[in-house]
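Single-structure report; data block below.
Keep in mind it's a predicted model, so treat the numbers as computed, not measured. As a basis for the values below, the full set of heavy atoms in this structure was taken, side chains included, without hydrogen atoms, waters or symmetry mates.
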Amino acid sequence: ASRPITRSSGTTTRPGCILWGNGLEHVGLNAFQSLRAVLILMGITGNIDVPGGNVFYPAPPLAYPDLREKLGPGQDAKRIGGQKFKALNRAGFAHPPTLFRTILSGEPYPVKALIAVGSNVVTTYPNTARIIEALNQLELLVVHDLFMTPTAEYADIVLPAAANLERDEPRLHLHIKGPQAMFMDTVSRKLTSVGERKSDWEFMIGLGRKLGYEEYFPSLEALANDALRPMGITWDELKAHDYIPIPIEYRKYEKSGFGTPTGKFEIYSTVMKDWGYDPLPSHVEPAESPVSTPERYKEYPLLLITGAKQTQYYHSQGRQIPSLRKLAPEPLLEMHTETAAALGIAAGEFAWVETARGRMRLKVRTHDRMHPKIVTIPHGWWLPEQPGPDHGVLEVCANVLTDDDPENCDVAFGG
């Protein structure tokens, strides 16, 4: 693993690093194992935690409380989807597609209330029609957000969230500052207040205290001071200095090993084996694909990607901002020029894009930078100018076309 990569030409390229993003994270059943395969490639080529490679930047030793350990075994076992998607248990999450199905079915137990903090649920989860049905069935939906999104309009209670200049909170981030140091800063500075708007921290702390858990939900200042105590600094001191340097150290595994049960860089994952998954990265054919469902492929002969992004927007945000809508006024159905010509579709015309779940009518954009069998539409769209509460999501939201069957989700994490 420490030897350089030798290419057929006899040249070597070291160091090297691999960056990934949504392209790998959105590959359904194979997301978790695909990312593992990339990490393994980094390791076996000797590019883990070395200068110019994939560096494990130093994490500040913060002591945020982990309240998951306060749950009894019986309560933790109730985590929806936790038995199937075991990696979710490490993160403390329920499995969203399974959760929305549970709201509708009442199985394995009734779910009657939901709190959404900064999440436009209606536009960002698969099978939009089912999401709306589930939200309407809840006895209580509370949304804490900056804007009246479609999700907020379906809510029983909408709580206004504080914007960036209204928050003074310990949002700790790492930033590169020169080749030898990392810096941790607070990001947010409270310069003003508008009405009764609260930050996410203030809202969750207030909710925890109202539920009778004052012990675990102290003031924001006390929480920040407790978190920073291992670093020997208070929140006020951190704010006064803006940042503190944390030196970069390479090849930390030579001293402390890796964070695995064996302490080794595990190509064969003992954790995956214990969870009942394949310990080695392996491909699982999706339940719906040209290979798995060839008859459906004959009926639907193109492959759809719904994870595309428009640079003007971040997920479902920004459609209500006129300056951004002027730059990107609508979602576009992109396809190869030759594919469009074969279907009798010209650039700028409208066409129907259809799956077994539904269909939408979108304007077509053509180019030669994609595979002829692929079509793509951007995700997160809604139309603030249309009537609420749905604001046209069934006309423009990519998730109208996507499936929410838990059997078709990533094996470990459920994406």
Side-chain angles (χ1 to χ4, degrees), residues 1-27 30-64 66 86-87 90-91 171-187 227-228 230-233 238 241-275 277-283 307 309 410-413 415:
S2 62
R3 291 196 299 269
I5 303 172
T6 302
R7 305 190 179 188
S8 57
S9 63
T11 62
T12 60
T13 303
R14 290 176 62 83
C17 65
I18 303 175
L19 301 180
W20 74 70
N22 291 157
L24 277 178
E25 293 162 358
H26 287 183
V27 293
N30 295 291
F32 198 90
Q33 292 283 38
S34 295
L35 294 170
R36 284 198 62 232
V38 169
L39 285 163
I40 289 171
L41 183 59
M42 298 173 189
I44 63 178
T45 56
N47 285 296
I48 286 286
D49 210 22
V50 296
N54 289 94
V55 179
F56 297 150
Y57 288 116
L62 301 174
Y64 283 124
D66 185 355
K86 295 182 175 61
R90 289 283 184 94
R171 295 179 61 199
L172 305 177
H173 295 264
L174 291 173
H175 298 281
I176 297 177
K177 185 71 172 179
Q180 294 299 323
M182 297 293 292
F183 289 81
M184 181 178 68
D185 61 40
T186 55
V187 179
L228 290 165
M231 303 193 71
I233 190 173
L238 176 61
H241 291 88
D242 286 328
Y243 60 84
I244 55 175
I246 305 175
I248 293 178
E249 181 183 359
Y250 298 107
R251 300 180 180 88
K252 293 178 288 295
Y253 54 83
E254 293 179 351
K255 296 180 180 178
S256 56
F258 292 91
T260 63
T262 62
K264 299 178 180 179
F265 184 92
E266 293 192 359
I267 297 173
Y268 182 98
S269 172
T270 56
V271 173
M272 293 287 280
K273 180 182 179 182
D274 291 343
W275 284 346
Y277 305 136
D278 192 335
L280 293 171
S282 58
H283 173 77
K309 296 180 180 178
D410 174 77
V411 63
F413 213 78

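- Pairing each heavy atom of Y277 with each of K86, the nearest pair is OH-N, 3.0 Å.
- The side-chain heavy atoms of V55 and V50, taken from C-beta on, include no pair separated by under 4.5 Å.
- For residues 257-272, no pair satisfies salt bridge (Lys or Arg N to Asp or Glu O under 4.0 Å), with sequence neighbours left out.
- Annotation for P15 and G53: closest pair CB-N, 4.1 Å, computed over non-hydrogen atoms.
- Side-chain contact between M231 and P61: present, with at least one pair of heavy atoms (C-beta onward) separated by less than 4.5 Å.
- Under the 30°/60° scheme for interplanar angles, the aromatic rings of F56 and F258 are found to stand perpendicular.
- L228 contributes atom CG, which lies 6.0 Å from atom CG of L238 (distance to the nearest 0.5 angstrom).
- Taken from CZ in R36 to CG in L280, the straight-line distance is 7.0 Å, to the nearest 0.5 Å.
- Nearest heavy-atom pair, E25 versus A31, reported as atom, atom and distance to 0.1 Å: O-CB, 3.7 Å.
- Using modelled atom types, one side-chain atom of R14 and one backbone atom of T45 make a donor-acceptor pair closer than 3.5 Å.
- Of all heavy-atom pairs between N47 and G16, the closest is OD1-N, 2.9 Å.
- For the atom pair F32 CZ and L24 CG, the distance stands at 13.5 Å (nearest 0.5 Å).
- The CG atom of D410 lies 8.5 Å from the CG atom of L35; values are rounded to the nearest 0.5 Å.
- Closest heavy-atom contact between F265 and L39: CZ-O, 3.2 Å.
- The shortest distance between side-chain heavy atoms of D278 and M272 does not fall below 4.5 Å.
- Considering all non-hydrogen atoms of both residues, K273 and P279 come closest at CB-CG, 3.8 Å.
- Atom CG of N54 sits about 9.5 Å away from atom CG of D49, to the nearest 0.5 Å.
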